[in-house]
Amino acid sequence: MVYLALGTRLFEKCWANTSPQHLAKKELFYKVLVFLLTYMTYVGYHMAKRPITVVENSIKFLDCSTNGTEAEMDPDHPCNWAWVAEMDGQTEEKAEGLIGNLQSAYTFSYAFFMFFSGMVAERMNLRYYLSLGLLLTALATYMFGFAHTVGIHHIWYFYLIMIFLGMVNSTGWPGVVTALSNWLGKSGFGTIFGKGTRGTLMGIWNSHMYLGNMLGLTIASHFASQDWALCFMYPALIVGIMGGVIYLFLIPQPSDIGLRNPNEEGLPENVSNEEEKAISFLGALKIPGVIEFSLCLFSAKLVSYVFLFWLPHYIKEETGAEAEYVSTLANNFEYGSMVGGIVAGFLSDQTEGLNALICTVMLIPSIPLMYFYNLLISDTCPLVLTDNGFESGACYTTNVILLLCLGMLINGPFSLITTAVSAELGQHQSLKGSGKALATVTAIIDGTGSIGAALGPLIASRPSMNTTNTIWMLMGSAGLAIIFLARLLKHDVQRVIQRFRKS
């Protein structure tokens, strides 16, 4: 028997005398509830990882500013001051390299533990799993800011915190995708133009990561010039509260409250308990499409995370703007990403799963746009900084439009693969009705992508990687993402041809 949380028991009392005619309303209520809870859960997870990208650009953490022409021309001129002892007295290049190592410690830790998180999630109650993950994420975030409060200056403390944050942050994705997919099934909340809405809803739902990024950036930017400890402590408080809410209200699957699981539609009635055992890692790899989409996400997430971590630094490098103005401009990439996820999900629904074709069509135009963006901001139409921020005009407007487009085209496929594609592969027909593969498949796909997310910023932070080289790397990675989908793309094109012949 499943033990229901306090909040769920209160809701069940309200629905106690529900007639069979109103079961659909009860089911819709809980679908919306789980949708919102998992949405806010991942807003919290992403909010926790963003303050470091703001704090690293704050002079309260690292001050490498130069006041004289002679210092500006000397590449070996040491930074004026740094919070971390190992950065103090180092050149700006070496200090920023150490900051890049901190980010890499997080991303590699996240990627490594992600492969295990999915298997743990398959074998554990998702309410306990996610609430514990959120509380530990809040603790890790708080401990980073705590260093400022008590005066910890050793870089190994920060390395350990970032590794711990990566580990606990990896609990989020397999848990929320599995919980939501358990409720949505293939039809979502209904139909649009006669098609299911799972992809569209997951595209809308996937905006949680961008909202979390923006909230994390905004909160951190507000406190960066005052007390950078607060950049971490306020997000930690919000994430901790969310952990309590999940513990009180999350219902991992419909069967916990006596409702039918939508993923069981069309499955044979004699599905045995043995088939419901959690799938192995190798078993998940054998599902058709898992390897191809994992490799595609490796390249796509590399591009996405370089933009995520490198873009604020790039804008600051080109313009010399303060963290607040930089984050305001960089957020346009996140806005475009939100739109891209929804568009990709809607197209997936309407094309009945031509996901490789959709990803390819979105990634191809992103390649020349990245080249054009670099050309624009560095040479053709540079941004002009005033006392009140960036000067509005044709250059600023073009910059915003390009960031919106890049966010949509790069993160549209990223969003589609990590949500609707993962859910579809986790419930593949080859599993013969087993409902214990979704978290493992999700973890494999996102874990592989996270290796790319770890490698991208690490490579981009190397001294030899100037802006032009970084852009070429991103263009090449987007091209590789398309190549990895070649076999599935061929299959999708054949499906399109067959449909036209039938019509």
Side-chain angles (χ1 to χ4, degrees), residues 36 39-62 99 102-103 106 134 137-138 140-142 144-146 148 162 165 169 172 204-243 245 304-317 319-341 383 385-390 392 396 399-400 403-404 406-408 411 415 457:
L36 293 175
Y39 184 93
M40 293 310 300
T41 295
Y42 220 69
V43 166
Y45 274 110
H46 260 264
M47 190 190 304
K49 65 172 106 175
R50 289 303 273 155
I52 182 61
T53 59
V54 173
V55 171
E56 70 180 25
N57 289 314
S58 170
I59 60 173
K60 299 289 185 178
F61 189 78
L62 176 64
I99 288 177
L102 284 176
Q103 294 174 339
Y106 166 82
L134 283 165
T137 296
T141 307
Y142 175 85
F144 199 109
F146 186 66
H148 184 266
M162 293 302 279
L165 179 61
N169 222 245
I204 296 171
W205 175 79
N206 198 55
S207 64
H208 50 45
M209 65 175 66
Y210 311 117
L211 178 60
N213 288 341
M214 288 186 288
L215 286 175
L217 278 174
T218 302
I219 293 171
S221 298
H222 182 73
F223 295 106
S225 59
Q226 305 169 30
D227 180 356
W228 62 259
L230 299 178
C231 298
F232 297 91
M233 291 182 177
Y234 277 110
L237 176 63
I238 296 170
V239 174
I241 291 172
M242 197 62 225
V245 172
S304 176
Y305 269 64
V306 168
F307 266 97
L308 189 69
F309 289 109
W310 169 78
L311 183 62
H313 175 75
Y314 175 48
I315 295 173
K316 180 189 176 185
E317 184 91 0
T319 64
E322 291 295 324
E324 184 178 357
Y325 303 135
V326 169
S327 62
T328 300
L329 181 59
N331 276 345
N332 288 291
F333 183 78
E334 310 287 359
Y335 300 142
S337 300
M338 288 186 186
V339 176
L383 294 168
L385 185 65
T386 66
D387 293 336
N388 298 318
F390 291 112
S392 60
Y396 183 79
N399 197 286
V400 168
L403 285 176
L404 288 170
L406 283 170
M408 182 177 72
N411 280 339
S415 171

Novice: For Y39 and S207, work out which heavy atoms get closest and say how close.
Specialist: OH-OG, 2.9 Å
Novice: Can you confirm whether M47 sits close enough to M242 that some side-chain heavy atom of one is under 4.5 Å from a side-chain heavy atom of the other?
Specialist: no
Novice: Do H46 and L211 have side chains that approach each other closer than 4.5 Å (heavy atoms only, starting at C-beta)?
Specialist: no
Novice: Does any non-hydrogen side-chain atom of I52 lie less than 4.5 Å from one of F144?
Specialist: yes
Novice: Any side-chain heavy atom of V239 within less than 4.5 Å of one from T141?
Specialist: no
Novice: Parallel, tilted or perpendicular for Y45 and Y42, by the 30°/60° rule?
Specialist: tilted
Novice: First locate atom OG of S337, then atom CG of L403, and finally report the distance between them rounded to the nearest 0.5 Å.
Specialist: 10.0 Å
Novice: How long is the span from the CZ atom in R50 to the CG atom in L215, to the nearest 0.5 Å?
Specialist: 11.5 Å
Novice: Output the distance between atom CG (L217) and atom CG (N331), rounded to the nearest 0.5 Å.
Specialist: 5.5 Å
Novice: Is the side chain of S415 donor-acceptor paired with the backbone N or O of N411 at a distance under 3.5 Å, no angle test?
Specialist: no
Novice: Looking at every heavy atom in both H148 and A229, which two are closest together, and how far apart are they?
Specialist: CB-CB, 3.8 Å
Novice: Kindly indicate whether the side chain of Y396, heavy atoms from C-beta on, has any atom under 4.5 Å from the side chain of V400.
Specialist: yes
Novice: So, for A48 and N169, which heavy atoms are closest and what is the spacing to 0.1 Å?
Specialist: CB-ND2, 4.5 Å
Novice: Just say parallel, tilted or perpendicular for the rings of Y234 and F223, cut-offs at 30° and 60°.
Specialist: parallel
Novice: Going from CG on N206 to CE on M338, what distance comes out if it is rounded to the nearest 0.5 angstrom?
Specialist: 10.0 Å
Novice: With a 4.5 Å heavy-atom cut-off, do W228 and P51 have their side chains touching?
Specialist: no
Novice: How far does CE of M162 sit from CD of Q103, to the nearest 0.5 angstrom?
Specialist: 6.5 Å
Novice: For the CD1 atom of I238 and the CE atom of M40, what is their distance to the nearest 0.5 Å?
Specialist: 8.5 Å
